[in-house]
**Q** 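There's a structure below that I have some questions on.
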Amino acid sequence: MLEVNQLRQDTDKAIKGLEKRGLSAAQQLVKDVIALDDERKQIQANLDEHLSELNQLAKEIGQLFKSGEKEKAELAKTEVSQLKTKTSVLEDQIRSVKIELENKLLDLPNVPQSIVPSGTTEDDNEVYRDWTDPLPTLDDNALPHWELAERYKIFDLKTGAKISGSGFPLFVGYGAKLQRALVNFFLDKASEGGYLEMQPPLLVNEDSARGTGQLPDKDGQMYFVERDNLYLIPTAEVPLTNVYRDVILKTDDLPVKICGYTPCFRREAGSYGAHVKGLNRVHQFDKVEIVRIERPENSDEALMDMLNHVSGLLEALELPYRILRLCGGDLGFTAAITYDFEVYSAAQKRWLEVSSVSNFETYQTNRLKLRFKDEDGKNKLAHSLNGSALALARIVASILENHQTGDGIKIPKQLIPYTGFEWIK
RNA sequence: GGUGAGAUGGGUGAGUGGCUUAAACCAUCAGUUUGCUAAACUGACGUACGGGUAACCGUACCGCGGGUUCGAAUCCCGCUCUCACCGCCA
């Protein structure tokens with residue numbers, strides 16, 4: 001959720017930024033928010049004045065009763081009841097204005113940073129760091145990962161569909177072991193990078209889903225357990241970031257660096273076609289997520305550090321990748337800037353997104369009330385960031401496709417200590 | 001699932017209708033004292049919103065939401081969570 005004060009201060013910047021997302025009504029929306037906030041302030045001042053009078057009267061009545069001046073007290077009581085009807089009207093007004101204001105704010109996405117390119121579709125994304133070596137080519141009988149999976153018995157979509165439905169792969173044998181190895185490898189790398197490992201709950205309540213901004217924006221994308229009012233997490237970002245909901249950190253607590261492995265559940269309603277084949281898009285996948293809470297002035301640098309971390313993982317896995325800086329139109333609702341990592345699959349002849357690293361600035365922390373005490377003892381909103389490091393299903397697909405040979409699939413050197421085998425044959 | 005107890009500031013914990021502006025202690029910070037450390041003493045010490053250049057002032061907040069009352073941390077109702085015991089269970 002954007003900060004109203006920020007919108008007041010940098011109105012033009014906010015409007016321009018929001019327009020970069022293709023939000024043509026940005027100017028009107030921002031104006032509406034500020035007008036509503038003005039209204040709220042005015043009612044608040046009025047209400048406080050009345051309440052102050054009421055408090056004063058209550059004290060006086062207490063005194064009058066004590067000194068036995070009952071008639072005067074009764075007189076004051078009628079005054080109180082008149083005041084009370086006024087305050088209750090004002091209370092109703094301020095309540096509805098606050099709700100309206102909040103709803104308007106929740107409908108506004110984050111303001112993109114100035115370096116975010118404008119554009120509406122993924123074609124407008126900017127290649128931030130390209131793959132400079134020649135792209136790998138495979139011989140003619142190279143297979144896409146879903147066919148490799150069949151040949152080497154790595155995962156089984158049909159049986160997964162029998163158990164649950166389409167998009168729920170069953171990993172088997174080498175496939176299951178490969179996933180377990182990758183999780184451990186990614187977690188170890190994150191620990192080396194200074195991220196504290198956590199195992200969070202996989203179901204979260206509404207406050208948490210709202211805190212990181214999945215609600216109301218992505219309501220339809222999450223599985224919901226109606227009976228208990230809980231959402232299955234679409235990413236570990238939700239529970240991990242919500243660890244710090246309603247927290248005021250001390251200066252020395254920053255930066256916070258945490259990581260966690262979780263399965264992720266996404267309904268992916270409306271997806272179809274070749275792009276969802278195999279592991280390209282599934283309802284359940286495993287992911288190691290890294291999360292950081294930073295002082296505002298350090299968050300840009302932290303983001304770069306996260307990019308380096310993810311780059312290191314992809315290099316260790318010997319996968320050809322590039323980094324995109326997402327354009328305004330492709331940017332997630334809550335992000336101020338996002339870099340996507342894509343691995344090239346020679347077998348599918350396309351780039352596959354395997355990681356997304358974002359800075360949310362104060363958009364999430366405002367909703368979470370995640371603050372820190374600065375040197376002056378003032379509470380300020382921290383910046384939150386997160387990134388996949390990495391998303392498993394697609395990495396498995398990339399490894400299978402890129403490291404296939406006529407003799408089987410070669411496991412990247414750094415992963416062998418984790419898998420315990422060098423080849424999938 | 002059943003029964004019972006509880007939820008007060010960073011922590012412990014007092015507070016059964018106005019004397020609470022939430023006691024006291026601990027922790028923290030600043031100062032005094034001190035050869036250094038420690039101790040002692042003094043003071044400061046919640047969050048949000050509104051007004052004000054500021055000092056400061058006003059309002060709300062004692063798990064959450066309602067209610068009673070001139071007045072609620074305190075009384076009443078509902079909910080959530082925590083703890084204990086019982087049942088079931090990996």
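Worth knowing before you read on, the calculation uses all heavy atoms, side chains too, and leaves out hydrogens, waters and symmetry mates.
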**Q** Under a 3.5 Å threshold, yes or no: a donor from one side chain and an acceptor from the other, between A/N46 and A/Q42?
**A** no

**Q** How far, in whole Å, is B/rG63 from B/rU16 if one measures between their P atoms?
**A** 15 Å

**Q** Distance check, P atoms only: B/rU33 and B/rG50, in whole angstrom units.
**A** 43 Å

**Q** Mind checking A/L51 for me? I need base, sugar-phosphate or nothing, with any heavy atom below 4.0 Å counting as a touch.
**A** sugar-phosphate

**Q** Looking at every heavy atom in both A/S356 and A/S388, which two are closest together, and how far apart are they?
**A** N-OG, 3.0 Å

**Q** Please give the nucleotide sitting opposite B/rC79 as a Watson-Crick or G-U wobble pair, both distances under 3.5 Å, or none.
**A** B/rG63

**Q** For RNA chain B, find the residues of residues 82-96 of chain A with a heavy-atom distance under 4.0 Å and give them by number; none if there aren't any.
**A** A/K84

**Q** So, A/E197 and A/Y261: side-chain donor and acceptor under 3.5 Å apart, yes or no?
**A** no

**Q** Is there a Watson-Crick or G-U wobble partner for B/rC89 with both distances under 3.5 Å, and if so, which one is it?
**A** none

**Q** Can you establish whether the number of heavy atoms outside A/R151 located under 6.0 Å from its atom CZ is more than 12?
**A** no

**Q** Expressed as a whole number of Å, how far does the C1' atom of B/rA23 sit from that of B/rA39?
**A** 26 Å

**Q** Under 4.0 Å from a heavy atom of chain A: give me the 5'-most and 3'-most nucleotides of RNA chain B that qualify.
**A** B/rG18 to B/rG71

**Q** Which part of the nucleic acid does A/K41 contact within heavy-atom distance under 4.0 Å: base, sugar-phosphate only, or nothing?
**A** sugar-phosphate

**Q** B/rG71 and B/rA55: how far apart are their P atoms, nearest whole angstrom?
**A** 34 Å

**Q** Between A/D207 and A/R210, does any NZ, NE, NH1 or NH2 come within less than 4.0 Å of an OD or OE carboxylate oxygen?
**A** no

**Q** How are the rings of A/F224 and A/Y231 set to each other: parallel, tilted or perpendicular (split at 30° and 60°)?
**A** tilted

**Q** Taking atom types as modelled, is there a side-chain donor on A/N308 or A/S311 under 3.5 Å from an acceptor on the other?
**A** no

**Q** According to the Watson-Crick and G-U wobble definitions, with both distances under 3.5 Å, which nucleotide is paired to B/rA84?
**A** B/rU3

**Q** Under a 4.0 Å N-O cut-off, is there an ion pair linking A/D92 with A/R95?
**A** yes

**Q** I'd like the C1' distance from B/rU12 over to B/rA7, given in whole Å.
**A** 15 Å

**Q** Base, sugar-phosphate alone, or nothing: which one does A/K72 contact when heavy atoms must sit under 4.0 Å apart?
**A** nothing

**Q** Now, which nucleotide makes the Watson-Crick or G-U wobble pair with B/rG50, with each of the two distances under 3.5 Å?
**A** B/rC57

**Q** So does A/E91 pair up with A/K84, basic N to acidic O under 4.0 Å?
**A** no

**Q** For B/rG65 and B/rG52, measure between their C1' atoms and round to the nearest Å.
**A** 35 Å

**Q** Under a 3.5 Å limit for both distances, which nucleotide forms a Watson-Crick or G-U wobble pair with B/rC41, could you say?
**A** B/rG31

**Q** Categorize A/A45 for me: base, sugar-phosphate, or nothing, with a 4.0 angstrom heavy-atom threshold over every strand shown.
**A** sugar-phosphate

**Q** Does B/rC25 have a Watson-Crick or wobble partner in any strand here, with both distances under 3.5 angstrom, and which is it?
**A** B/rG11

**Q** Please report, to 0.1 Å, the donor-acceptor pairs under 3.5 Å made by any side chain of residues 418-425 of chain A, with sequence neighbours excluded.
**A**
from: A/Y418; atom 1: OH; to: A/D188; atom 2: OD2; distance (Å): 2.7
from: A/T419; atom 1: OG1; to: A/I416; atom 2: O; distance (Å): 3.3
from: A/T419; atom 1: OG1; to: A/F421; atom 2: N; distance (Å): 3.2
from: A/T419; atom 1: OG1; to: A/F421; atom 2: O; distance (Å): 2.7

**Q** Between A/Q28 and A/D32, is there a side-chain donor-acceptor contact under 3.5 Å, judged purely by atom types and distance?
**A** yes

**Q** Under a 3.5 Å cut-off for both contacts, is B/rG17 paired Watson-Crick or G-U wobble with anything, and if yes, with which nucleotide?
**A** none

**Q** Closest nucleotide of RNA chain B for A/R40 versus for A/N379: which of these residues is on the 5' side?
**A** A/N379

**Q** If I pick the P atom on B/rG58 and the same atom on B/rC64, what distance separates them, to the nearest angstrom?
**A** 24 Å

**Q** Please give the distance between the C1' atoms of B/rA73 and B/rG15 as a whole number of Å.
**A** 8 Å

**Q** Pick the nucleotide of RNA chain B nearest each of A/I248 and A/E49; which residue has the one closer to the 5' end?
**A** A/I248

